[in-house]
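Being a predicted model, the structure only gives us computed values, none of them experimental. Chain naming here is simple, since letters A, B, ... match the order of the sequence lines and numbering starts at 1 in each.
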Amino acid sequence: MLDRKYIVDHAEEVKENCARRGAAVDVDRLVEIEELRRAKLQDVQELNRRANEVAKSIGSCKDPTARAERVEEGRRLRDAKDTAQSEHDRLDDEALAIQTLIPNRTHPDAPIGTDDGANREVGRGAAPVPDFAFKPLDHVQLAERHALIDFEAGARIAGHGFYFLKNEAVLLELALQQFAVGLLIQKGFTPVITPDLAYTEILNGVGFIPRGPETQIYSIENSNLNLVATSEITLGGMYSGATLDEDQLPIRFCGLSHCFRTEAGAAGRASRGLYRVHQFTKVEMFAFTTPDQSDAVHEELCAIERELFDRLGIPFRVVDTATGDLGGPAYRKYDLEAWMPGRGERGEWGEVTSTSNCTDYQARRLNIRFRKKAEKGTHFVHTLNGTAVAVSRAMIAILENHQQVDGTILVPDVLRPFVGKDRIG
RNA sequence: GGAGAGGUGGCAGAGCGGUCUAUUGCACUGGUCUUGAAAACCAGAGUCGGGGUAACCCGACCCAGGGUUCGAAUCCCUGCCUCUCCGCCA
């Protein structure tokens, strides 16, 4: 969420930004409502002040007649205040509804464009795109061949989009987590396993919108709990309402959780196999920083993602995400797209990680602040997130890129200690 | 899950419908005193929002949200959390 005062004071700039990011928002209406709201707020405060004054005078008022008059006066003022207050609250709700739809500001270097077609490639991984001397199988075929994944059984017990991992796929899942968490600990991240459920209010703060028709979120009936779509939600929520000290920052967490997504509206779109599933495991990086630190930490998160996939021997490219494809909270976003030889006709790039600098957009809604030494007041922290390993997609990339002509699959060196073998099959 | 107790400022801990602005202690900041320090004494100190060029003024905040009342930290309801006991359980 952007600061309301900022929106009002920079309405033109905000409108341009909305246009670049493809967000249809009535900023003018917000400006208009906000003006009315502020005027109403002053009425409320004035009425409140007078009501307080009257109420206070009653305590020391001994004469019964005068007292009764005062009580009546107080009642009248409080009623007037309540009326003004509810008018104010209605305006505030309307303003908030619009405010919530306004996306974050955008990094000046982010490529401008309406969708992912405008994304700018900014780098490649160390591994070259493999040039197989045979027709490579996709991960569904490979998984079947080696009895790694049971999609049919998954569908039987929970529907399309669920699956059972079996045999070496289980070892790979665990190995990827071990590998990623281990590396992140070395980099100074504090590992945490987070809840897989979170309150609606936390989801909203992080920028997710549960319970709409288009929602990606599974909600628990008769409660305000939701299955998390990423531990970004729980990690961001960890410090909601907190005021941190400047010298604690930056704080780096690496969170491990299951992720649940309804994938509403995504049916039929490149959803074969593990690519688009309703549940997967993810190792997530999350950082709380000062405003000065966030750009550098963003580069750092991206560098870690690159290192992880380089060490897995997976070819990838890095793209700087175009304005129209950033989503609401991100100020800038880099995606890692791994080469997936089994996708499409001759292989395609498929997103495996994503890292965003959300600046103060999430922190404002979550109310996460920090205090500078020897300075009054507080500032909002910046929040950043990045995928270390989304296990399902990483597994696709591993199976498809490391397959051999004889149908076996080489286990990446860095995972061998955890998998306990060099080769599947 | 059942029964009880409780959530107050950085911490400890009063306050149980209106005396002036939420006692008090510790910690904190500034000052006085001192060669310096300690002690003592004096003073100050939170957050968010609104108004004002400004010193400053005002509103809100005693876990959260509702309610009763002219007036709520205090009374009522709901939720969340903590503690104690019981039950159940990997």
**Q** Any ion pair linking A:R364 and A:D360 (charged N to carboxylate O, less than 4.0 Å)?
**A** yes
**Q** Is A:R252 close to A:P250 at the side-chain level, that is, under 4.5 Å between some pair of heavy atoms?
**A** yes
**Q** Determine the contact category for A:R369: base if any of its heavy atoms lies under 4.0 Å from a base atom, sugar-phosphate if only primed atoms, P, OP1 or OP2 are that close, otherwise nothing.
**A** sugar-phosphate
**Q** Considering every strand shown, what is the Watson-Crick or G-U wobble mate of B:C41 when both distances are under 3.5 Å?
**A** B:G31
**Q** Do A:H298 and A:Y334 have their ring centres less than 6.0 Å from each other?
**A** yes
**Q** Atom CD of A:Q45 and atom P of B:G59: how far apart are they, to the nearest Å?
**A** 8 Å
**Q** Starting the side chain at C-beta, find the nucleotide from B:G18, B:G59, B:C81 nearest to A:N52.
**A** B:G59
**Q** On a plain distance test, is the side chain of A:R49 in donor-acceptor contact with the base of B:G51 below 3.5 Å?
**A** no
**Q** To the nearest 0.5 Å, what is the distance between CG on A:L366 and OH on A:Y239?
**A** 13.5 Å
**Q** Between B:G49 atom C1' and A:N367 atom CG, what is the distance in whole Å?
**A** 13 Å
**Q** Of the options B:G49, B:G71, B:U47, whose atoms approach the side-chain atoms of A:L41 most closely?
**A** B:G49
**Q** Can you tell me how far P of B:G50 sits from NZ of A:K40, to the nearest Å?
**A** 17 Å
**Q** Measuring only the P atom in each nucleotide, how far is B:A60 from B:A72? A whole number of Å is fine.
**A** 10 Å
**Q** Assign each of A:H379 and A:R38 to its nearest nucleotide of RNA chain B by heavy atoms, then name whichever residue's nucleotide is nearer the 5' end.
**A** A:H379
**Q** Is there a Watson-Crick or G-U wobble partner for B:G46 with both distances under 3.5 Å, and if so, which one is it?
**A** B:C61
**Q** Give A:R78 one of three labels, base, sugar-phosphate or nothing, depending on what nucleic acid heavy atoms sit under 4.0 Å from its own.
**A** sugar-phosphate
**Q** Pick the P atom in B:G17 and in B:G66, then give their distance to the nearest Å.
**A** 24 Å
**Q** Rounding to the closest angstrom, what is the interatomic distance between B:U35 and B:U23 at atom C1'?
**A** 40 Å
**Q** Provide the distance between the two C1' atoms, one in B:G15 and one in B:G6, to the nearest whole Å.
**A** 16 Å
**Q** Could you work out the separation of B:U24 and B:G13 based on their C1' atoms and round it to a whole Å?
**A** 8 Å
**Q** Determine the interatomic distance between C1' on B:A90 and the same-named atom on B:C11; round to the nearest Å.
**A** 38 Å
**Q** May I ask which nucleotide in the shown strands pairs with B:U19, Watson-Crick or G-U wobble, both distances under 3.5 Å?
**A** none
**Q** How many angstroms lie between SG in A:C259 and CD in A:Q216, if you round to the nearest 0.5 Å?
**A** 11.5 Å
**Q** Taking CD from A:Q42 and P from B:C58, how many angstroms apart are they, rounded to a whole number?
**A** 15 Å
**Q** Can you tell me the pairing partner of B:G1 across any strand shown, Watson-Crick or G-U wobble, with both distances under 3.5 angstrom?
**A** B:C86
**Q** Rounded to whole angstroms, how far apart are CD on A:E69 and P on B:C70?
**A** 16 Å
**Q** Send over the distance from A:Q248 CD to B:G10 C1', rounded to a whole Å.
**A** 13 Å
**Q** With a 4.5 Å heavy-atom cut-off, do A:I398 and A:M395 have their side chains touching?
**A** no
**Q** Round to the nearest Å and state the distance from A:N224 atom CG to B:C81 atom P.
**A** 10 Å
**Q** At 4.0 Å (heavy atoms only), tell me whether A:T378 reaches a base, stays on the sugar-phosphate, or touches nothing.
**A** sugar-phosphate
**Q** Sort out the partner of B:C26 for me: Watson-Crick or G-U wobble, both distances under 3.5 Å, none otherwise.
**A** B:G10
**Q** Would you please name every residue forming a side-chain hydrogen bond (donor to acceptor under 3.5 Å, both in side chains) with A:Q403, sequence neighbours left out?
**A** none
**Q** Considering only the C1' atoms, how many Å lie between B:G9 and B:G46, rounded to the nearest integer?
**A** 7 Å
**Q** Over how many whole Å does the gap from A:R70 atom CZ to B:G18 atom P extend?
**A** 20 Å
**Q** Distance check, C1' atoms only: B:U8 and B:U74, in whole angstrom units.
**A** 11 Å
**Q** Taking the nucleotide of RNA chain B with the closest heavy atom to each, which residue, A:V44 or A:A55, is nearer the 5' end?
**A** A:A55
